[in-house]
Amino acid sequence: MAASSGWQRTHWCGDLRLEHEGRDVTLNGWVHRRRDHGGLIFVDLRDRSGIVQIVFSPQTDAEAYEMADTLRSEYVVSVKGTVRRRLPGAENPELPTGRIEVDGRHVEILSRAGSLPFGIDDRTEVDEAVRLRHRALDLRRPVMQRNIIMRHKAAQAVRGFLNAEGFLEIETPMLTRSTPEGARDYLVPSRVHPGHFYALPQSPQLFKQLLMVSGFERYYQLARCFRDEDLRADRQPEFTQIDVEMSFVDTEDVLDVMERLIVHVFKEAAGIELPVPFPRLSYDEAVERYGSDKPDLRFGMELVDVSDIVARSGFRVFSGAVKQGGRVKVLNVKGKGGMTRREIDELTELAVQWGAKGLAWIAVEEGGVRSPIAKFLSEDELSAVLEAAGAAPGDMLLFAADRREVAAEILGRLRVRLGREIFSPDPRQFAPVWIVDWPLFHRDPETGELDSAHHPFTSPVDEHVELLKTEPERVRAKAYDLVINGYELGGGSIRIHRRDVQEMVFDVLGLSREEARDKFGFLLDAFEHGTPPHGGVAFGFDRLIMLLVGTDNIRDVIPFPKTQSASCLLTQAPSPVDPAQLKELHIRTDVPAPEPA
RNA sequence: GGGGGCGUGGUGUAGCGGUUAACACGCCGGCCUGUCACGCCGGAGAUCGCGGGUUCGAUUCCCGUCGCUCCCGCCA
C-alpha cells in the first residue's frame, strides 16, 4: 500500500464494501458522473474495478466541497475520504459498492478533460467510426473494459493450462518468407536486399513443425498472424491464434489435451461449464445433416434427403438433379408456413446469391399445401416428402436440388439464418463439436484439380495411405476442427512425418519435386534429420473471446482494430511515406495520379 | 472484384424540393442537502461527408467520389 500522505490510491473504487466502514481511503480515477444538489454534491468515481459514490458536503469539508463543484465528466482526480454506511433508503442495489459511500474530505484534480465526443456509457449507441477515432476513450466504456479484461484472463488461462501440461511458449519470426499458398501475404521490403521482401506470417505453421523436429515436444504461442484478405465482422487482417504443436501423438492425444484446454479456458476466464465430452461429427455427416462443416448445434432443424422419393418425379428440377448424380434436400422451417411471397422471394434471392438455381417450397397448411411445385408431385410423392420432413401444418419446407455439396450448403446457410431467427439461441449457451474425418483433398469445381482441404502437410489416416495412388479423393485426413455455435474456433491435424507419404501427397497435388523443394525445402530438409510423429492445432483467439463475451463483432475484442478497409482510424495507417524512405527500400510506387480537376 | 445499408449541432436521430433545419442526450450558466440515467430554469452549438448536375430554388432529386458497415467472392 502506498504512503497515505500522497495522492496515490490506497483502495480500488469497486472493491469497497461494508467491511471498509470507517476506513480512511484515497481513491484515484475518473469522474464518471456528478450530481450537484446545491448544498450537496455526489460524484461517481470510476476506476477499472468499478464505481463508488463520493459525497461532498460543506459540513464535512468546505474546501473539498468547493473543489468538487468544479469537477466535470472524466476529470482525473485523487479523492480522500472516509468510507461510511449509506443512510437507510439511500442504498443502491444496482452497484456492488451501493451499500456504502465515501465521505469526501479532499479532492485533487490530476487532469482536466475537455468536452467529449461521446459519453463513457454502455447505453449510448455511437457510430463505430467515431469510437475507433477516439479509441482510448471508447476503451474506457465498461463493456470494452470487460472485453479486454476477458481477453487477458483467457490468455492467462491458456498459458496456465498449457504450462501445466508441459508445453513451452516459444516465439517464431514475424519477418519470414512469402509462400504462394493460402492467403495473400503482407510484404515487408528489404533494404539490404534490393527487390526482395519478407512476408508477415499467415501462421507459424512451418516453424512449429520445425520445433518438433528440434525436439521441444510440446510448443505453444499466442501468435499474431497476418492475412491480406477482405474483412468480415469476424475477420481482421491481423489476428491472434493459440498455436499448439505436440510430438509423439496421434489424433486422440491432441483432441484430449485441446478439449481440456478449451474447457479450462471457458471455466477459468468466464466461469462457463462446457458440456463434456464434446460430441463429434464426421465431416460427411455434418454436411449431410446440417449443410455445413461448421454447424450450429444449438438447435436442430436438420436437413433431410428426399432424393429417393422424388427420383422419378414429374418435377424435372428434382428428378433431373438426381439423374445427374445430385441430391434433393429439404429444410423444414418449423412454424414458418405463413411466410409471404415476398419473404420467400427474399430467401430465394439469397439462395441464388449462394449458388442455387432456385428455391422450391411447400407451405404446409391444415388439410393441404400451398406450393408452386405441388402440382408436379404425385399424391404419394407429396405425402412421402411431408412425412420424411416431419412436416406439420404451419411448417414451411424449403428444397434445394443440386450437386450434393451445393444442395446441402444452400440449405445449410438458410438453416443457420432461419434457425437463429426462430430459436434466437442464447449466446451464453455453447454447443461445441469436433468435426473429424475430413477428406484430405477437395476438388476445385472450376479447374477440376485436387487441392489440400487443410494444408499439404496433413497426414492421411493410416489405412488410406495406399489409396493416395489410386483414389485420392477417398482418402481421409487426420484433421479436426473445433466448432462452437457455428463458429470455426480452430482446427488442426496430425502432420506427415514420412518422406515417402509427403511425396505421394505432393504427387496428388501435382507439385513437382522441384516446386516442392523450392517452396518448402527447409522443412523437407529438416524432415530428413529425424522427425517425430507430430500434430497440433490453431485456435482463433479473437473468436474465442467473442464467444466468451457474447459479441459477433471481432472489433469489440481487439483493443486497436482495423476498419473493413483495413485502415486504422486512430493512426491513419496505412499512410504515404517519405520518398526518401521508398528510395532506401528500392521501391517505386505505381499509383494512378488523381484526375486533374 | 461484386451487391446492399448508412453519412444532418459533440453524440444519436427527425425532416425530404422553398422550414428560423426539429427532438433527445451531452455541453455551458443559474437554482436545488440524499441523488445515483437526479430534478427545474436559461443558453451556446449545424457551411445537412465532398464534387458536379437538374431546378427560379437542393439537406431533400440525379451522377460521381470519399468514409463507415453488412454480405458474396476471397481467407491452404
Side-chain angles (χ1 to χ4, degrees), chain A residues 32-45 51-60 65 72-74 86-95 97-98 101 113-134 137-138 179-185 202-203 205-206 225-237 239 346 349-355 413 417 440-442 444 446 450-458 477 479 488 491 493 505 509 511 519-520 538 540 552-553 555 562-567 569 572 594-595 597:
Chain A
H32 190 64
R33 233 179 276 283
R34 189 180 63 110
R35 291 177 296 279
D36 183 348
H37 284 245
L40 196 64
I41 297 171
F42 298 97
V43 170
D44 289 340
L45 189 65
I51 287 174
V52 69
Q53 172 167 285
I54 321 287
V55 186
F56 294 99
S57 79
Q59 283 84 55
T60 300
Y65 172 81
R72 295 294 178 273
S73 282
E74 299 306 304
R86 289 203 191 184
L87 298 172
E91 297 97 344
N92 184 350
E94 303 288 309
L95 283 179
T97 59
E101 63 194 6
S115 65
L116 305 168
F118 50 85
I120 306 309
D121 195 328
D122 290 343
R123 258 187 313 279
T124 47
E125 289 273 310
V126 182
D127 187 83
E128 215 181 334
V130 177
R131 291 173 48 200
L132 290 176
R133 213 167 290 129
H134 305 280
L137 198 58
D138 185 42
T179 52
E181 281 71 29
R184 217 172 278 120
D185 282 321
Q202 296 181 21
S203 84
Q205 183 61 37
L206 299 181
C225 304
F226 304 86
R227 294 180 189 173
D228 187 4
E229 296 294 342
D230 288 337
L231 277 52
R232 288 286 189 285
D234 61 351
R235 263 170 28 196
Q236 281 275 302
F239 61 99
E346 279 170 17
E349 206 170 299
L350 280 173
V352 168
Q353 196 180 76
W354 294 331
R413 288 189 185 211
R417 191 186 186 85
L440 190 57
F441 306 103
H442 274 316
D444 186 322
E446 310 258 300
L450 284 180
D451 210 0
S452 288
H454 209 65
H455 62 62
F457 311 109
T458 302
E488 181 197 328
S493 63
V505 168
L509 293 172
L511 203 65
K519 288 174 179 174
F520 309 115
D552 51 14
N553 180 350
R555 295 178 298 276
K562 307 285 188 288
T563 66
Q564 188 161 44
S565 57
S567 48
L569 295 180
Q572 301 298 318
E595 296 281 328

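Every chain is numbered from 1, with letters handed out A, B, ... down the list of sequences.
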Determine which nucleotide pairs with [N], using a 3.5 Å limit on both distances of a Watson-Crick or G-U wobble pair.
| N | value |
| --- | --- |
| B:C16 | none |
| B:G43 | B:C27 |
| B:U60 | none |

How far does the [atom1] atom of [N] sit from the matching atom of [M], given to the nearest Å?
| N | M | atom1 | value |
| --- | --- | --- | --- |
| B:G73 | B:A14 | C1' | 38 Å |
| B:G49 | B:C6 | C1' | 12 Å |
| B:U60 | B:C16 | P | 13 Å |
| B:C70 | B:C27 | C1' | 34 Å |
| B:C74 | B:G17 | P | 43 Å |
| B:A44 | B:A22 | P | 12 Å |
| B:U33 | B:G39 | C1' | 14 Å |
| B:G9 | B:G2 | P | 30 Å |

May I ask you to verify if any side-chain N or O of [X] is less than 4.0 angstrom from the OP1 or OP2 atom of [N]?
| X | N | value |
| --- | --- | --- |
| A:R232 | B:C75 | no |
| A:R35 | B:U35 | no |
| A:S567 | B:G67 | no |
| A:R413 | B:C71 | no |
| A:S565 | B:C68 | yes |
| A:R555 | B:C70 | yes |
| A:R34 | B:U35 | no |
| A:S57 | B:U33 | no |

How close or far is atom [atom2] of [N] from atom [atom1] of [X], stated in whole angstroms?
| X | N | atom1 | atom2 | result |
| --- | --- | --- | --- | --- |
| A:D552 | B:U69 | CG | P | 14 Å |
| A:E229 | B:G1 | CD | C1' | 12 Å |
| A:D122 | B:U11 | CG | C1' | 15 Å |
| A:R417 | B:C70 | CZ | C1' | 10 Å |
| A:I41 | B:G34 | CD1 | C1' | 13 Å |
| A:I120 | B:G12 | CD1 | P | 14 Å |
| A:Q353 | B:C72 | CD | P | 7 Å |
| A:F118 | B:C27 | CZ | P | 14 Å |

Spell out yes or no: do the side chain of [X] and the base of [N] have one donor N/O and one acceptor N/O closer than 3.5 Å?
| X | N | value |
| --- | --- | --- |
| A:D228 | B:C75 | no |
| A:E349 | B:G4 | no |
| A:R235 | B:C75 | yes |
| A:Q53 | B:U35 | yes |
| A:D127 | B:G12 | no |
| A:R86 | B:U35 | yes |

Between [options], which nucleotide has the shortest distance from any of its atoms to the side chain of [X]?
| X | options | result |
| --- | --- | --- |
| A:D44 | B:U69, B:G12, B:C36 | B:C36 |
| A:S73 | B:C71, B:C38, B:C27 | B:C27 |
| A:T563 | B:C70, B:C68, B:G73 | B:C68 |
| A:D36 | B:U33, B:C32, B:U11 | B:C32 |
| A:N92 | B:A37, B:U69, B:U35 | B:A37 |
| A:A233 | B:U35, B:C75, B:C70 | B:C70 |

Once you apply a heavy-atom cut-off of 4.0 Å, does [X] come out as touching a base, just sugar-phosphate, or nothing?
| X | result |
| --- | --- |
| A:S115 | nothing |
| A:A90 | base |
| A:E74 | nothing |
| A:E94 | nothing |
| A:L569 | sugar-phosphate |
| A:E101 | base |
| A:Q564 | base |

A:R33 and A:D121: CA distance, side-chain angles, deciding distance, salt bridge (Lys or Arg N to Asp or Glu O under 4.0 Å) verdict = CA-CA 10 Å; A:R33 233 179 276 283; A:D121 195 328; 3.7 Å; yes
With a 4.0 Å cut-off, would you call A:R555 and A:E128 a salt bridge?
->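 Yes, this pair counts.
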Does A:D138 reach the side chain of A:L132, with side-chain heavy atoms less than 4.5 Å apart?
->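 Counting from C-beta outward, A:D138 and A:L132 never come under 4.5 Å.
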Would you confirm whether [X], through its side chain, and [Y], through its main-chain N or O, come within 3.5 Å as a donor-acceptor pair?
| X | Y | result |
| --- | --- | --- |
| A:R34 | A:I41 | no |
| A:E229 | A:R184 | yes |
| A:Q353 | A:A351 | no |
| A:Q202 | A:A183 | yes |

Taking everything shown except A:E346 itself, do over 12 heavy atoms lie less than 6.0 Å from its CD?
->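 Yes, the 6.0 Å shell around CD holds more than 12 heavy atoms from other groups.
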Which residue lies more 5' along RNA chain B, comparing A:G89 with A:L116 via nearest heavy atoms =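 Nearest-nucleotide comparison on RNA chain B picks A:L116.
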Does A:R133 or A:R33 map to a spot on RNA chain B nearer the 5' end, using the closest nucleotide for each?
->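 Upstream on the strand: A:R33.
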Report yes if the ring of A:H37 lies under 5.5 Å from the six-membered base ring of B:U35 with planes under 30°, and no otherwise.
->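 Here A:H37 fails the 5.5 Å or the 30° condition.
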Criterion side chain to side chain contact (heavy atoms under 4.5 Å, CB included) against A:Q53, the qualifying member of A:D44, A:T97, A:L95, A:L45 |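 Testing A:Q53 for a side chain to side chain contact (heavy atoms under 4.5 Å, CB included) against A:D44, A:T97, A:L95, A:L45 leaves exactly one candidate, A:D44.
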Test side-chain hydrogen bond (donor to acceptor under 3.5 Å, both in side chains) applied to A:S73 - qualifying residues, sequence neighbours left out |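 A:S73 satisfies side-chain hydrogen bond (donor to acceptor under 3.5 Å, both in side chains) with no residue once adjacent residues are dropped.
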